[in-house]
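First comes the structure, then the notes that go with it.
Along the sequence shown, the residues carry numbers beginning at 1. What you see is a predicted model, and the numbers here were worked out from it, not measured in a lab.
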Amino acid sequence: MDLKSLNYFISVYELKSFSAAAKACFIAQPSISAAIAQLEQQLKVQLFIRHARGVTPSEQGKKLFPLAKQLLGQAGAIKSVFSEKTHKQPFNLGVTRGLGVERMSLLLKEFTSANPSVELTLVPHTENVDARIILKDELQENEQYIDMWHEDYLLAVPYDHIFALEDTVTIQQLDGLPFIQRMPCSAWDHLQDTLAIAGISLDVRAKITTIDYALGLVHAGLGCAFLPAHSEIIKRSDVVFRPIVGLQLTREIVLAYTTSSKAINNLKRLARKHAH
């Protein structure tokens with residue numbers, strides 16, 4: 001039994017799929033299947049139950065999982081004790097607000113894995129940085145950029161609000177609507193101008209800075225909010241998102257940079273990989 005086979009086992013266990021584990025481990029699926037088969041032969045047990053949509057761990061597989069995690073953790077600790085301390089190169093990445101924790105965490109995990117000699121620090125996008133992940137509207141003249149994410153602004157309403165029963169909301173229905181204003185927000189000025197032309201005003205109940213707080217207040221029933229509806233928040237079950245008829249606004253998120261380096265080239269590659 002070797003550590004590599006245990007690592008493959010953990011990947012299959014967590015992803016519940018041989019093909020997904022093979023992609024995550026950057027190897028061919030037959031290699032990962034052979035490693036698991038060899039592990040099962042050595043232990044004389046069946047670790048996974050195969051079915052059409054993937055695999056589920058057997059009782060023996062469930063027993064092995066925490067032991068394998070512990071053993072690999074100890075192996076990593078031993079390696080770090082005897083590894084030479086290397087000087088890490090600072091890398092300041094400027095980020096704008098409200099990019100989404102899940103997708104940014106995945107991107108940054110891959111970035112740090114690809115750049116082990118880099119010490120990553122996230123800072124406000126207005127500071128002195130090596131690169132920035134920002135709204136396209138925030139680009140400076142000397143910056144090059146790579147498109148990453150495009151997101152429509154939608155009206156977020158409580159799941160028990162009357163608007164949740166409708167497929168769309170009209171501009172006229174917004175008149176007097178209790179509202180959570182997010183500041184700063186690139187779409188706010190356009191929304192205000194559109195409402196002013198229509199002679200409509202909102203009942204602003206709170207002004208906050210983050211998308212998470214806005215969602216929390218919407219869920220609590222304090223009001224509705226106009227938010228960029230990326231996949232991480234639109235899947236929430238406690239808030240409903242509805243388009244406003246005649247009002248289509250989109251925010252564009254880009255990776256901005258002015259120089260080239262190995263770390264920045266890796267970040268550019270990952271930006272293209274995660275773009276949608």
**Prompt:** Is the backbone N or O of Lys109 less than 3.5 Å from a side-chain atom of Ser113, with the two atoms forming a donor-acceptor pair by type?
**Reply:** yes
**Prompt:** Does Val169 reach the side chain of Leu174, with side-chain heavy atoms less than 4.5 Å apart?
**Reply:** yes
**Item:** Lys/Arg N to Asp/Glu carboxylate O, Lys136 vs Glu151, below 4.0 Å
**Value:** no
**Asked** Arg242 side chain to Ala164 main-chain N or O, any donor-acceptor pair under 3.5 Å?
**Response** yes
**Prompt:** Strictly by modelled atom types, are Thr258 and Asn142 linked by a side-chain donor-acceptor pair under 3.5 Å?
**Reply:** no
**Prompt:** Distance-only, no hydrogens or angles: does the Asp175 side chain make a donor-acceptor pair with backbone N or O of Ser201 under 3.5 Å?
**Reply:** yes
**Request:** Please answer whether the main-chain N or O of Leu39 pairs with a side-chain N or O of Gln42 as donor and acceptor at a distance below 3.5 Å.
**Result:** no
**Message:** Ignoring hydrogens, what is the shortest heavy-atom contact between Ala156 and Val239? Give both atom names and the distance.
**Reply:** CB-CG1, 3.8 Å
**Prompt:** Counting N and O atoms only, with roles assigned by atom type, does the side chain of Asn265 sit under 3.5 Å from a partner on the main chain of Ser261, one being a donor and the other an acceptor?
**Reply:** yes
**Request:** Would you indicate whether the side-chain heavy atoms of Leu247 and Leu191 approach each other to under 4.5 Å?
**Result:** yes
**Asked** Any chain of hydrophobic side-chain contacts (each under 4.5 Å) joining Leu165 to Ile234?
**Response** no
**Message:** If we ignore hydrogens and angles and just use 3.5 Å, is the side chain of Gln46 paired with the main-chain N or O of Ser58 as donor and acceptor?
**Reply:** no
**Item:** Hydrophobic cluster membership, Leu122 vs Ile264, 4.5 Å side-chain cutoff
**Value:** yes
**Asked** Is it true that Tyr145 and Tyr257 have ring centroids separated by less than 6.0 Å?
**Response** no
**Asked** Can you check whether Thr170's main-chain N or O pairs, donor with acceptor, with Gln173's side chain at less than 3.5 Å?
**Response** yes
**Prompt:** Should the heavy atoms of other residues, nucleotides or ligands under 6.0 Å from CZ of Arg50 be counted, would the total exceed 12?
**Reply:** yes
**Message:** To check you understand the geometry: which heavy-atom pair defines the closest contact between Ile211 and Gly98, and what is its length?
**Reply:** CD1-O, 3.5 Å
**Closest non-hydrogen atom pair between Ser19 and Ser17, with its separation** = OG-OG, 3.0 Å
**Asked** Under 30°, 30 to 60°, or over 60°: which ring-plane class applies to Phe65 and Tyr13, parallel, tilted or perpendicular?
**Response** parallel
**Nearest heavy atoms of Leu107 and Ala271, plus distance in Å** = CD1-N, 4.4 Å
**Asp2/Lys4 salt bridge by N-O under 4.0 Å criterion** = no
**Asked** Does the side-chain contact (heavy atoms from CB on, under 4.5 Å) test come out yes or no for Phe241 and Val157, once each step is laid out?
**Response** CA-CA 6 Å; Phe241 290 88; Val157 303; over 6 Å; no
**Request:** Check Pro243 against Asp167 and note the closest heavy-atom contact, atom names and distance.
**Result:** CD-O, 3.4 Å
**Request:** Check whether more than 12 heavy atoms from other residues, nucleotides or ligands sit under 6.0 Å from atom CG of Asp193, and answer yes or no.
**Result:** yes
**Request:** Verify the ring-centre separation between Phe91 and Phe111: is it less than 6.0 angstrom?
**Result:** yes
**Request:** Look up atom CG in Leu267 and atom NZ in Lys273, then write down how far apart they are to the nearest 0.5 Å.
**Result:** 12.5 Å
**Message:** Nearest 0.5 angstrom please: Phe163 CZ to Cys224 SG, how far?
**Reply:** 6.5 Å
**Request:** Would you please test Ile133 and Ile253 for side-chain contact (heavy atoms from CB on, under 4.5 Å) and show each step?
**Result:** CA-CA 7 Å; Ile133 299 180; Ile253 297 169; 3.8 Å; yes
**Item:** Within 6.0 angstrom of His219 NE2, more than 12 heavy atoms from elsewhere
**Value:** no
**Request:** Taking only Lys NZ, Arg NE, NH1 and NH2, and the carboxylate oxygens of Asp or Glu, determine whether Glu14 and Lys69 approach each other closer than 4.0 Å.
**Result:** yes
**Fill in**
One should read off an interatomic distance between Leu43 CG and Gln38 CD, to the nearest 0.5 angstrom, of 10.5 Å
**Item:** Audit row: Val123, Val95, side-chain contact (heavy atoms from CB on, under 4.5 Å) steps and yes/no
**Value:** CA-CA 6 Å; Val123 298; Val95 292; over 6 Å; no
**Complete:** Heavy-atom closest pair (Phe179 atom, Leu155 atom, distance to 0.1 Å) is CE1-CD1, 4.0 Å
**Request:** To the nearest 0.5 angstrom, please state how far the NZ atom of Lys62 sits from the OG1 atom of Thr56.
**Result:** 7.5 Å
**Prompt:** Are any of the side-chain nitrogens in Glu138 or Arg132 under 4.0 Å away from the carboxylate oxygens of its partner?
**Reply:** no
**Asked** Counting only heavy atoms not in Gln74, do more than 12 fall under 6.0 Å of its CD?
**Response** yes
**Item:** Close side-chain approach of Ile244 to Ile171, heavy-atom, < 4.5 Å
**Value:** yes
**Message:** With no hydrogens and no angle check, just 3.5 Å: does a side-chain donor-acceptor pair link Gln60 and Glu40?
**Reply:** no
**Donor + acceptor pair across side chains of Asn266, Asn115 (<3.5 Å)** = yes
**Asked** Is there a side-chain contact between Leu93 and Leu108 (heavy atoms, below 4.5 Å)?
**Response** yes
**Request:** Determine whether Val101 and Glu232 make a side-chain contact, defined as any pair of heavy atoms from C-beta on separated by less than 4.5 Å.
**Result:** yes
**Prompt:** Is there side-chain contact between Leu99 and Thr96, with heavy atoms separated by less than 4.5 Å?
**Reply:** yes
**Prompt:** Is there a chain of hydrophobic side chains (I, L, V, M, F, W, Y, each step under 4.5 Å between heavy atoms) that links Phe48 to Ile27?
**Reply:** yes
**Asked** When rounded to the nearest 0.5 angstrom, what distance separates CG in Leu64 from CG in Leu47?
**Response** 6.0 Å
**Request:** Kindly confirm or rule out a cation-pi arrangement of Arg103 over Trp149, judged by NZ or CZ under 6.0 Å from the six-membered ring centre and within 45° of its axis?
**Result:** yes
**Request:** Test side-chain contact (heavy atoms from CB on, under 4.5 Å) on Thr209 and Arg182 and set out the steps.
**Result:** CA-CA 5 Å; Thr209 59; Arg182 190 172 65 87; 5.9 Å; no
**Item:** Close side-chain approach of Val218 to His161, heavy-atom, < 4.5 Å
**Value:** no
**Prompt:** Can you hop from Leu177 to Val240 via hydrophobic side chains spaced under 4.5 Å?
**Reply:** yes
**Request:** Answer whether the closest heavy-atom distance between the side chains of Gln248 and Asp152 falls below 4.5 Å.
**Result:** yes
**Prompt:** Measuring from Leu270:CG to Glu110:CD, what's the distance to the nearest 0.5 Å?
**Reply:** 5.5 Å
**Prompt:** Cluster question for you: counting only ILVMFWY and a side-chain heavy-atom cut-off of under 4.5 Å, with indirect links fine, are Leu154 and Leu195 together?
**Reply:** no
